[in-house]
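Reading through the structure tokens given below for one structure.
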Amino acid sequence: MSALTPDLLRELVAEARLAPSVHNIQPTRWRLLGDGRLALVDATRVRAPVADPAGHDVLVSHGAALEGMSLALNRRGFAITGITTLEQPLSPQLTVLCSFAIKQGAEPDLLADLVARRMSWRGKFAASLDDAAALAQLVAARDDVICIGDRRAIADIAGWADRAEFSFVRGDDYRAELLAWMRLSPGHPHYLLDGLNRDALAMNVVEATAARYVLGSLFKPLDRLGLAASLLADGAKTASTSAIVLFCRPVGEDPLTTGRHFYRAWLEIDRAGFAACPISALSDHPDFNDRLRKLGKIGADLRLVNVFRIGRPSKPIKPRHFRLPVDRLIV
Ligand SMILES: Cc1cc2nc3c(=O)[nH]c(=O)nc-3n(C[C@H](O)[C@H](O)[C@H](O)COP(=O)(O)O)c2cc1C
């Protein structure tokens, strides 16, 4: 498409940026190339190296952004074509990861209109009497998700999630990095821009203040007293889910492709009437990853990429997205 004007590019990026990214770090930038192709550019200094040492979650986040761009194009009747993946440094801060052309003519994508509605739901879930039909819809739509709806299994997984998360939180570097991406008061200069703010974390003022101390200066004394784990536990929320979703993709898959499917699976969860939040600690922790693989009977050819808790939010969701301005994302 020759008509990718600067104004249209801004509109597209405004929608593509609504894709999820690990810790909301937003590592994706966009550049219009001279030949009319669009490049997905990695902001190489935007990282969470402790939580994501292999950089896999950053690549999954880029993949989600790529799918976000595809969905934004779809809403306007366009599609991505001729993707070439290449790693081409532009500067110490920017590296092109892939580029693609844009063609006219695309069947409407059912997921495109869910983009503005999707958000990470970190509040409680309401009890729901009958989720069976919605879960069946989700499983029918995606062959890369396994839904666990059994209450006892969910209670077990809620406990595992707390143990997995706490084993990471015990690391000084992990806590420091997490706190650096948290914006616990609206006065933080990046509150509306990136990272995890109080609203996104569904915390009130007291909870946010407590989190600052429990993850910060009071962590060690509280841990010595055996109190830190229970203060940070999220198990009640996980236990209130309608289902735990295991997101599995082929071993060795290109992480950009994995990321595209990660986003689509999440939108499909929303389409089925649920809200969701990933629990990466469960897939990142080898022991709990293994337990979930066994529980879900995941074959050796598949990787358990991530885990979601999904359910009906306890109150109506007013989606809010905290994102960098479009101008910063076009380079
Ligand atoms: C690869 C990946 C892993 C994530 N892991 C977690 C997680 O473990 N816990 C969590 O609360 N959110 C997790 N998220 C969700 C992001 O924090 C979230 O997408 C981001 O803050 C943007 O907010 P939004 O989803 O509401 O648009 C993850 C997202 C991605 C892409």
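Just so you know, residue 1 is the first one in the sequence shown, and it goes up from there. Both ligands and their constituent atoms are indexed starting at 1 by order of listing.
Taking a cut-off of under 4.0 Å to the non-hydrogen atoms of Ser21, the atoms of ligand 1 that pass are 16 (C), 17 (O), 18 (C), 19 (O), 20 (C), 29 (C), 30 (C), 31 (C). The Ser61 neighbourhood of ligand 1 comprises atoms 31 (C), with distances under 4.0 Å to a heavy atom of that residue. Taking every heavy atom of His23 and a limit of under 4.0 angstrom, the matching atoms of ligand 1 come to 17 (O). Remark: ligand 1 atoms within the under-4.0 Å shell around heavy atoms of Pro20 are 19 (O), 31 (C). When each atom of ligand 1 is checked for a heavy atom of Leu196 under 4.0 Å away, the hits are 17 (O), 21 (O). Each of the atoms 26 (O) of ligand 1 lies under 4.0 Å from some heavy atom of Met119. For ligand 1, the atoms sitting less than 4.0 Å from at least one non-hydrogen atom of Asp57 are 1 (C), numbered in the order shown with element in parentheses. Close approach to Cys277 involves these atoms of ligand 1, each under 4.0 Å from a residue heavy atom: 10 (C), 11 (O).
Counting heavy atoms under 4.0 Å from ligand 1, residue Arg323 touches it through the side chain alone.
Once rounded to the nearest 0.5 Å, the distance linking CG of Asp223 with CZ of Arg170 reads 4.0 Å. In this structure, CZ on Phe322 lies 6.5 Å from CG on Leu192, to the nearest 0.5 angstrom.
Within the 4.0 Å heavy-atom shell around ligand 1 one does not find His56. Between Asp52 and ligand 1 there is no heavy-atom distance shorter than 4.0 Å. Residue-ligand proximity: Ala200 is placed with every non-hydrogen atom at 4.0 Å or more from ligand 1. At least one heavy atom of Phe262 sits less than 4.0 Å from an atom of ligand 1. By the 4.0 Å heavy-atom criterion, Ala64 is excluded from the residues contacting ligand 1.
Taking only nitrogen or oxygen atoms, main chain and side chain alike, Ser280 reaches within less than 3.5 Å of ligand 1. Taking only nitrogen or oxygen atoms, main chain and side chain alike, Trp266 does not reach within less than 3.5 Å of ligand 1. At least one N or O atom of Arg118, backbone or side chain, sits closer than 3.5 Å to an N or O atom of ligand 1. Close N/O approach between Arg320 and ligand 1 is not found [any backbone or side-chain N/O within under 3.5 Å].
No more than 12 heavy atoms of other residues, nucleotides or ligands sit less than 6.0 Å from atom CG of Asp143. Within 6.0 Å of the CZ atom in Arg151, the count of heavy atoms belonging to other residues, nucleotides or ligands exceeds 12.
Of the protein's non-hydrogen atoms, the one nearest atom 30 (C) of ligand 1 is Val22 N, 3.6 Å. Nearest protein neighbour of atom 21 (O) of ligand 1, counting heavy atoms only, is Asn24 CB, 3.2 Å. Looking from atom 17 (O) of ligand 1 to the surrounding protein, the closest heavy atom is Arg122 NH2, 3.0 Å.
Residue Pro255 forms a side chain to side chain contact (heavy atoms under 4.5 Å, CB included) with just one option from His56, Arg249, His62, Arg260, and that option is His56.
Of the listed options Ala276, Ser120, Pro278, Pro255, Pro278 places a heavy atom closest to atom 7 (C) of ligand 1.
Residues Tyr263 and Val115 have side chains in contact (heavy-atom distance under 4.5 Å, counting atoms from C-beta outward).
Between Tyr174 and Phe168, the ring planes lie parallel to each other; the angle is under 30°, not in the 30° to 60° tilted range. Using cut-offs of 30° and 60° on the angle between ring planes, the pair Phe308 and Phe262 is parallel.
Val60 and Val22 fall into different hydrophobic clusters, defined by Ile, Leu, Val, Met, Phe, Trp and Tyr side-chain heavy atoms under 4.5 Å apart, directly or through other members.
Geometric assessment of Arg312 against the ring of Phe274 yields a positive cation-pi assignment under the 6.0 Å and 45° thresholds. In this structure, Arg309 forms no cation-pi arrangement with Phe125, as its terminal cationic atom is not both closer than 6.0 Å to the ring centre and no more than 45° off the ring axis.
No side-chain N or O of Asp42 forms a donor-acceptor pair with one of Thr95 less than 3.5 Å apart.
Ring-centre distance between His188 and Tyr191: not below the 6.0 Å cut-off.
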